[in-house]
Amino acid sequence: MNSGTTQVSANPKNGAWVIALMLAPVFIVSTELWITRWSGIGASYWDSVGLVVALLAGLLCLWQLSLRVAARVGLSAVYIVLGAAFLFFYSLHFVCALFHDCL
């Protein structure tokens, strides 16, 4: 009997994908921010590129999970909105903390 909830199956690879889902975007954005601020190249364009690449990496990890397609689509929409908001504020904090370039 299906209770209507989406559950990740007991695939041992799911744990690694969930960890990658959380850490890969932070690593990508941190690397992009550090390189652009350290090298002095134009940051606003590369910040947008870094955010998009980070979210795509997270989505790639999300789609590797053992979930139904409908669940992946729904989680992808939520992930994009929440991930973009989190990475935006994380970027502000990262640049302020490491480079003392606060707003």
Side-chain angles (χ1 to χ4, degrees):
M1 191 157 69
N2 188 355
S3 63
T5 61
T6 301
Q7 294 182 357
V8 178
S9 68
N11 186 346
K13 293 181 182 179
N14 280 336
W17 285 117
V18 169
I19 291 170
L21 170 75
M22 295 183 290
L23 295 182
V26 173
F27 176 77
I28 291 168
V29 167
S30 298
T31 303
E32 178 273 324
L33 289 170
W34 186 78
I35 289 172
T36 56
R37 297 321 187 270
W38 177 76
S39 66
I41 60 177
S44 66
Y45 170 75
W46 289 109
D47 290 349
S48 300
V49 170
L51 180 68
V52 170
V53 170
L55 288 173
L56 287 175
L59 286 174
L60 177 71
C61 296
L62 187 140
W63 277 80
Q64 299 303 314
L65 296 175
S66 303
L67 298 172
R68 289 179 279 143
V69 174
R72 291 181 200 167
V73 170
L75 287 173
S76 294
V78 172
Y79 182 80
I80 290 170
V81 172
L82 294 179
F86 170 77
L87 290 173
F88 173 76
F89 288 108
Y90 172 78
S91 298
L92 293 176
H93 175 72
F94 183 89
V95 171
C96 183
L98 260 58
F99 298 99
H100 306 291
D101 186 12
C102 306
L103 291 179

[atom2] on [Y] to [atom1] on [X], rounded to 0.5 Å:
X: His93; Y: Leu98; atom1: NE2; atom2: CG; answer: 8.5 Å
X: Leu75; Y: Arg68; atom1: CG; atom2: CZ; answer: 10.5 Å
X: Leu55; Y: Leu60; atom1: CG; atom2: CG; answer: 12.5 Å
X: Leu56; Y: Trp63; atom1: CG; atom2: CH2; answer: 13.0 Å
X: Phe94; Y: Leu33; atom1: CZ; atom2: CG; answer: 6.0 Å
X: Tyr45; Y: Thr36; atom1: OH; atom2: OG1; answer: 13.0 Å

Do Trp17 and Ser66 pair up side chain to side chain, a donor and an acceptor below 3.5 Å, judged on atom types alone? no
Please, which pairs that meet disulfide bond (SG atoms under 2.5 Å apart) have at least one residue in residues 69-103, sequence neighbours excluded? Cys96-Cys102
For the hydrophobic clusters of this structure (ILVMFWY residues joined by side-chain heavy atoms under 4.5 Å, transitively), does one cluster hold both [X] and [Y]?
X: Ile35; Y: Leu92; value: no
X: Phe88; Y: Phe99; value: no
X: Ile19; Y: Leu67; value: no
X: Val18; Y: Val73; value: yes
X: Leu82; Y: Leu62; value: no

Tyr79 side chain near Pro25 side chain, heavy-atom distance below 4.5 Å: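 Yes; the side chains approach each other to less than 4.5 Å.
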Work out which heavy atom in [X] is nearest to a heavy atom in [Y]; give both atom names and the distance.
X: Gly50; Y: Val29; result: O-CG2, 4.1 Å
X: Ala57; Y: Ile28; result: CB-CD1, 3.5 Å
X: Leu87; Y: Ala54; result: CD1-CB, 4.0 Å
X: Gly58; Y: Leu21; result: O-CD1, 3.0 Å
X: Phe86; Y: Val26; result: CE2-CG2, 3.8 Å

Which residues share a salt bridge (Lys or Arg N to Asp or Glu O under 4.0 Å) with Arg72, sequence neighbours left out: none
Do other residues, nucleotides or ligands put more than 12 heavy atoms under 6.0 Å from Phe27 CZ? no
Residue pairs meeting salt bridge (charged side-chain N to carboxylate O under 4.0 Å, His left out), one or both in residues 80-103, sequence neighbours left out, come to none
Please verify the inter-ring angle class for Trp38 with Trp34; under 30° counts as parallel, over 60° as perpendicular, anything in between as tilted. parallel
